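Here the structure is a predicted model, which means the values were calculated and not measured. In what follows, chains carry the letters A, B, and so on, assigned in the order in which the sequence lines appear, proteins first and then strands, with residues in each chain numbered from 1.
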Amino acid sequence: MTAPVGEGFPKAARVRRRREYLSLGRTARRRHTRHFVLLSEAHTSISRLGVTVSRKVGGAVVRNHVKRCVREFFRRDPQRLLSHHDLVVIAKPGAGDLVFHEIANELATAVASRAERSRRS
RNA sequence: AGACCGGAUCGGGCGGUCGCGCCUCCAUGACCGGAGGCGAGGAAAGUCCGGACUCCGUAGGGCAGAGUGGCCGUUAACGGCGGCCCGUCGUGAGGCGGGGAAAGUGCCACAGAAAGCAGACGGCCGGCGCUUCGGUGUCGGUCAAGGUGAAACGGUGAGGUAAGAGCUCACCAGGUCCCGGGGUGACCCAGGAUGCUCGGCAAACCCCACUCGGAGCAAGACCAAAUAAGAGGGUUGGGCGGCCCGCCUCAAGACCCUCGGGUAUGGUCGCUGGAGCCGUCCAGUAAUGGACGGCCUAGAGGAAUGACCGUCGCCUCCUUUUGGGAGGGACAGAAUCCGGCUUACAGAUCCGGUCUGGAU
RNA sequence: GUCCCCGUCGUCUAGCUCGGCCCAGGACACCGGCCUUUCACGCCGGUAACACGGGUUCAAAUCCCGUCGGGGACG
């Protein structure tokens, strides 16, 4: 059996450097939901994901859990990442109280409307 | 059976699907890929102590500063731990606390006559004088009473006296001195003398004893790339933690500050095998130490342990004949490592012990 | 990760050195009243805090210890 294409999530598909986060924060397009802020910007070759969860969200356990859930959501269906774009998800306070499917629903609607809008333009 | 006290262990199990980090092997120019192995905690937390390790030139003496504080032991070290001593709380198992106030300085608000050392105030009594017979002046004796206050010059009783007082006596409490016995010691036990009666605060300054050089893995070492070669001012040596002594290095630069300009915040090592874990035996009351055997047990760097499903087990609620349905599952995430302390924690299990009640 | 600093009315602060006069003072804000035709200004009065928990002490905002929260520095 062969895994579906893009099910993995290696290091190359993540935003790694603080500089990159800061430049995205300056120039990227923003989209707000109730518990998250999504930043996206066109990138060279591949699509990458970065997650930011500050200490306002909670302790180390809940922050790690939010990061893992966000990564899991995009890992299950990489089509949710726009191709050749960097996407940064920033968690707002309160995101730590959500379970996986609540995070998934919220991100799914955000991603869907964004994809629709970019398709229109 | 109930109410407690002390200590220890665990922190859901099994199976599946997808996914992540590191290591080894295969393959490869490299990425990718394949197989196998390993992959959070008792507190990983707070960063409150102590070490290892690294750098600061050697880390030596003194002052200053900081810390600890019954005694003995234990340890690499400690403010930890163990045993004991004393005080205190509890019916008890047990809990909590711990140098010195007679070396000096300081403070003790309000109230109170008085707050530290002895007296004044006020009072009691006696002699003498005056007297309107109520008292009053003076000399002397004396401290028992004085609303207070956290704390008041030993306490209770009796004798004694003009009035009284350890003035005397009995008992009680404490101090000082002498001496005997036990204990490594803190200290305990017993005897004698002395009427000696002496406040609290050192988490106030301080005294005594002991300990401490400073910074910290973002320490530090190496590699690669880039650049600038500056200008002005100051100090004449410069270099540790506050200072001094002492020490090191240099002889034409060295150091500091400001301004201007620029690059960058990459990679490798440090990085996990250690005062390590488990078991048995020995020494010791114990903390702990020793011997033997076995084991290898996370090493990331915007940072890996997750998501979903099934099932079993636990708890709560609803319905209820079995049964069925719904929900819950704590505190919390390694970042150089280790020994402690402290704090958070649903629930479960085990060991030892105390009190009360019942039964025999 | 390591090392520091700070928490006082709604806000900004004084008091902390060296404990007591402090159920904590001031300013702005808020509430009520007076003044004014009304508003503002002014005057009078009031509400309101020592981050939390222990300890030392007769007595703690102050001294000691521990939690919690906030802020900062270091390549």
Side-chain angles (χ1 to χ4, degrees):
Chain A
M1 143 175 194
T2 56
V5 176
E7 278 272 339
F9 221 128
K11 270 186 185 174
R14 292 187 219 151
V15 181
R16 299 289 297 282
R17 301 278 172 223
R18 176 161 180 79
R19 243 185 323 178
E20 298 169 348
Y21 278 89
L22 291 176
S23 73
L24 277 159
R26 275 197 301 273
T27 61
R29 296 181 53 181
R30 291 165 180 264
R31 173 156 191 87
H32 289 262
T33 68
R34 182 170 177 77
H35 295 105
F36 297 97
V37 182
L38 286 81
L39 310 177
S40 71
E41 188 175 50
H43 187 65
T44 52
S45 58
I46 54 172
S47 298
R48 301 191 304 175
L49 175 70
V51 187
T52 294
V53 186
S54 80
R55 233 178 55 217
K56 292 175 186 170
V57 177
V61 173
V62 304
R63 285 190 285 140
N64 277 332
H65 188 249
V66 169
K67 279 175 164 177
R68 287 162 183 162
C69 288
V70 170
R71 264 208 302 274
E72 178 75 6
F73 168 75
F74 287 102
R75 182 187 69 79
R76 297 307 283 248
D77 189 0
Q79 304 304 313
R80 288 158 171 160
L81 283 175
L82 285 176
S83 59
H84 309 297
H85 275 71
D86 281 345
L87 177 69
V88 169
V89 179
I90 301 172
K92 297 182 184 176
D97 299 328
L98 306 177
V99 296
F100 175 73
H101 69 268
E102 293 175 318
I103 292 173
N105 288 337
E106 188 169 329
L107 290 176
T109 56
V111 166
S113 67
R114 182 201 59 184
E116 204 170 304
R117 192 172 54 182
S118 74
R119 196 177 306 125
R120 269 204 312 269
S121 58

Say you pick atom [atom1] in [N] and the same atom in [M]; how far apart are they, in whole Å?
N	M	atom1	result
C:G66	B:U47	P	12 Å
B:C240	B:G21	P	47 Å
B:U311	B:G325	P	10 Å
B:A202	B:C207	C1'	10 Å
B:C49	B:C206	C1'	26 Å
B:C78	B:G95	P	26 Å
B:C198	B:A102	C1'	8 Å
B:C317	B:U343	P	34 Å

Write down the atom of [X], the atom of [Y], and the distance for their closest heavy-atom approach.
X	Y	value
A:Lys92	A:His32	NZ-ND1, 3.5 Å
A:Ile90	A:Leu39	CD1-CD1, 4.0 Å
A:Phe100	A:Phe73	CE1-N, 4.1 Å
A:Val66	A:Ala95	CG2-O, 3.8 Å
A:Ile103	A:Cys69	CD1-CB, 3.8 Å
A:Leu87	A:Ser40	CD1-CB, 3.9 Å

Between A:Leu38 and A:Val53, is there shared hydrophobic-cluster membership here, with clusters defined by ILVMFWY side-chain heavy atoms closer than 4.5 Å? yes
Could you let me know what [N] is paired to, Watson-Crick or G-U wobble, both distances under 3.5 Å, or none if it's on its own?
N	result
B:U132	none
B:A209	B:U68
B:C14	B:G310
B:A45	B:U342
B:C38	B:G21
B:G333	none
B:G230	B:C259
B:C269	B:G220

Using O4'-C1'-N9-C4 for purines and O4'-C1'-N1-C2 for pyrimidines, with syn meaning within 90° of 0, is [N] syn or anti?
N	result
B:G90	anti
B:U321	anti
B:G274	anti
B:G174	anti
B:A158	anti

Between A:Glu72 and A:Arg68, does at least one N-O distance fall below 4.0 Å, as a salt bridge requires? no
[X] [atom1] to [N] [atom2], straight-line distance once rounded to whole Å:
X	N	atom1	atom2	value
A:Arg71	B:G302	CZ	P	12 Å
A:Arg76	B:C18	CZ	P	10 Å
A:Arg55	C:G71	CZ	P	7 Å

If you look only at pairs with a residue in residues 56-67 of chain A, which of them pass as a side chain to side chain donor-acceptor pair (under 3.5 Å), with sequence neighbours excluded? none
Tell me which pairs pass side chain to side chain donor-acceptor pair (under 3.5 Å) where either residue lies in residues 95-109 of chain A, with sequence neighbours left out. A:Thr33-A:Glu106, A:His35-A:Glu106
Residue met sooner reading RNA chain B from 5', once A:Cys69 and A:Thr52 are mapped to nucleotides: A:Thr52
Determine whether any donor atom in the side chain of A:Arg75 lies under 3.5 Å from an acceptor atom in the base of B:C18, or the reverse, and answer yes or no. yes
With a 4.0 Å heavy-atom cut-off, tell me which residues in residues 59-68 of chain A come close to RNA chain B, sorted by residue number. A:Ala60, A:Val61, A:Asn64, A:His65, A:Arg68
Using a heavy-atom distance cut-off of less than 4.0 Å, which residues of residues 96-109 of chain A contact RNA chain B? A:Phe100
